[in-house]
Amino acid sequence: MRRGPHVYGVLLAAGALLASAACSSPYESDSSSKAAAGDRTIRPVEGCGTKAWTDPKDLSPTRTPARCLPGAPSAQPLSEPRKLTIATGTLSAEYVAPLQVALDKGEFKKEGLDVTLKVLPTPDALPLLAKGDIDALWAAPEAAVMNGVKGGFDIKWVAGNFSPAPKSKSGLWVRLKEGESASQVAMAGRRMGTMIGKGSVIAYPMEKALEKHGGGLADIRYQQLGSADVLTALQNGGVDSAWLLDPVWRKVDGEQGYAFLGGQPRGEPLGGMLYGPALLQDDVDAGVALLRAYIRTLNSYFASDYKQDATFVTYLAKLLKAEESILESTPSLVMDWEIRSGTTTRLQSAYEAQGVAEGSPLPESRTVNRTLYEEAVGHHP
């Protein structure tokens, strides 16, 4: 049963005292405020206790994601306002909702940030991020990102986005041949329809699913298709399998002749916020402030099953310019700002199997920086 229509507003009220505590900037007299990420003073944060951090090595699919109280961490306005641009591939996908809500509800503004969301494909955004022409990228550590870092780009993954709900079937679907079942599918040699093609983070979960069915990333043929064509190609036999996203998989779920082979690992985000030198080095205060606003938005609006609140679903549908019925048809995403240990290592292994990785694999120290979100919630690593 759904909760009352004002639940998400009540959550904010619970954190009102936390927000009111931030009436002045802590940066005005703090000599450590300009220090590089990873070399800064970390203070306890009200409303963010032991539950505000989980061990990155915990890869359990049932791991409870980190959470602070609603309204926490409270805003700490910068001494001077900053203008920041975040690039994203889309403004309508559900995984972008936290940024849209933070902007609409003024969470960035509370930190002294004037944020602009700019639609740019990741390949176009990467050089701009590396040069400092944009400040952040809402995407994923795809092969293009890893190859860019190997080529000299100072870019790191600084916060996660989401993992799938237990009931989600977003992922690899296949048309069953005669005599096959969901547990007995021969994938080697099959043709797969995908919107992105090789080099996407889906290579990692796809590899895990294929290995269970006698195939591998090098053993299948890829066919890149438009978003509207992937399902059609699967249904009419144009491809043998496809990676179907929310809510497209609903069209074949329960239909005879189709099987779900696996999706993104539960409890492990595969994307989120990427920073370049502007926020990693030049203005770390703004980098922490941006993540603080993002984390506060998750704690205030996306802490649990947010689709149980009918009013909030209506609000999200309008904000994302999506059909409310479609938004309701899939489970809530498990929003999660943390990054698991080894994710970029596993991703790079999959890119290598696809033949799109350049040079030797990068160590996690070159691809991930957790210190900014740890500072935002007051966690000492």
Side-chain angles (χ1 to χ4, degrees), residues 11 14-15 18-19 21-22 26 32-33 35-76 95 98-99 102 107 111 136 138 141 156-165 264-275 279-280 284-306 332-346 364-365 367-381:
L11 289 175
L18 293 170
S32 71
S33 65
D39 189 27
R40 293 161 58 88
T41 301
I42 297 180
R43 301 180 177 86
V45 173
E46 187 176 1
C48 294
T50 58
K51 294 182 179 180
W53 180 87
T54 67
D55 186 347
K57 295 179 182 178
D58 183 358
L59 299 178
S60 169
T62 58
R63 175 183 65 88
T64 300
R67 291 290 183 260
C68 301
L69 293 177
S74 59
Q76 298 181 25
Y95 67 86
L99 298 187
E107 297 298 344
E111 301 285 352
W138 188 250
K156 288 186 178 179
W157 185 18
V158 298
N161 51 8
F162 74 92
S163 61
Q264 177 180 333
R266 288 175 55 199
E268 184 178 11
L270 299 182
M273 196 78 79
L274 304 176
Y275 279 0
L279 298 183
L280 287 173
V284 184
D285 289 348
V288 174
L290 180 59
L291 292 191
R292 188 165 50 240
Y294 164 57
I295 291 169
R296 184 169 58 253
T297 301
L298 296 194
N299 290 321
S300 301
Y301 299 95
F302 299 93
S304 55
D305 187 356
Y306 51 92
S332 297
L333 301 177
V334 181
M335 300 300 187
D336 189 350
W337 67 77
E338 293 189 307
I339 300 170
R340 302 293 87 200
S341 291
T343 297
T344 57
T345 300
R346 291 184 286 276
E364 192 174 84
S365 60
T367 61
V368 173
N369 187 320
R370 298 182 181 86
T371 63
L372 292 98
Y373 71 66
E374 288 173 339
E375 179 179 339
V377 300
H379 173 75
H380 285 272

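Just so we're clear, the structure is a prediction, and the values are computed from it rather than from any experiment.
Annotation: side chain to side chain contact (heavy atoms under 4.5 Å, CB included) contacts of V45 (sequence neighbours excluded): C48, P73. The side chain to side chain contact (heavy atoms under 4.5 Å, CB included) check on T62 picks up S60, R266, with sequence neighbours excluded. Taking the ring pair (Phe, Tyr, Trp, His ring centres under 6.0 Å) definition, one finds that F162 meets it with nothing, sequence neighbours left out. When the side-chain hydrogen bond (donor to acceptor under 3.5 Å, both in side chains) test is applied to T344, the partners found at least two apart in sequence or on another chain are T367. Partners of A293 by side chain to side chain contact (heavy atoms under 4.5 Å, CB included), not counting sequence neighbours, listed by chain and number: E107, F108, E111, R296.
Between the CG atom of L274 and the CG atom of L279 there is a distance of 11.5 Å, given to the nearest 0.5 Å. With rounding to the nearest 0.5 Å, the separation of CD1 in I295 from OH in Y373 is 8.5 Å. Distance check: K156 NZ to T371 OG1 gives 8.0 Å after rounding to the nearest 0.5 Å. The CG atom of L372 sits 9.5 Å away from the CG atom of L290 when rounded to the nearest 0.5 Å. Separating the OG1 atom in T41 from the CZ atom in R43 is a distance of 5.5 Å, to the nearest 0.5 Å. Going from atom CE of M335 over to atom OH of Y306 covers 3.5 Å, rounded to the nearest 0.5 Å.
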message: One pair to check against side-chain hydrogen bond (donor to acceptor under 3.5 Å, both in side chains): E268 and T343. What are the steps and the verdict?
response: CA-CA 8 Å; E268 184 178 11; T343 297; 2.6 Å; yes
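No side-chain donor-acceptor contact under 3.5 Å links T54 to the backbone of P65. Of the possible donor and acceptor atoms, one in the side chain of W138 sits under 3.5 Å from a partner among the backbone N and O of Y95. Between the side chain of S163 and the backbone N or O of G267, at least one donor-acceptor pair lies under 3.5 Å.
Closest of all the heavy-atom pairs between S332 and D305 is OG-OD1, 2.5 Å. In plain terms, the two heavy atoms of A52 and C68 that are nearest each other are CB-SG, 3.6 Å. Pairing each heavy atom of G160 with each of I339, the nearest pair is N-CG1, 3.8 Å. When all heavy atoms of P269 and W157 are compared, the closest pair comes out as O-CH2, 3.5 Å.
Between P70 and N299, every side-chain heavy-atom pair lies at or beyond the 4.5 Å cut-off. Residues T297 and F302 are in side-chain contact: their nearest non-hydrogen atoms beyond the backbone lie under 4.5 Å apart. Taking 4.5 Å as the limit, some side-chain heavy atom of L298 sits within range of a side-chain heavy atom of W337.
Listed by first and then second residue, the salt bridge (charged side-chain N to carboxylate O under 4.0 Å, His left out) pairs that reach into residues 57-67 are R63-D336, R63-E338, sequence neighbours excluded.
Partner of R340 under the side chain to side chain contact (heavy atoms under 4.5 Å, CB included) criterion, chosen from V368, D55, L270, L59: L59.
At a threshold of 4.0 Å, the pair E364-R370 counts as salt-bridged, since one of the basic side-chain nitrogens sits closer than that to a carboxylate oxygen. With respect to the salt-bridge test (charged N to carboxylate O, under 4.0 angstrom), the residues R40 and D285 qualify.
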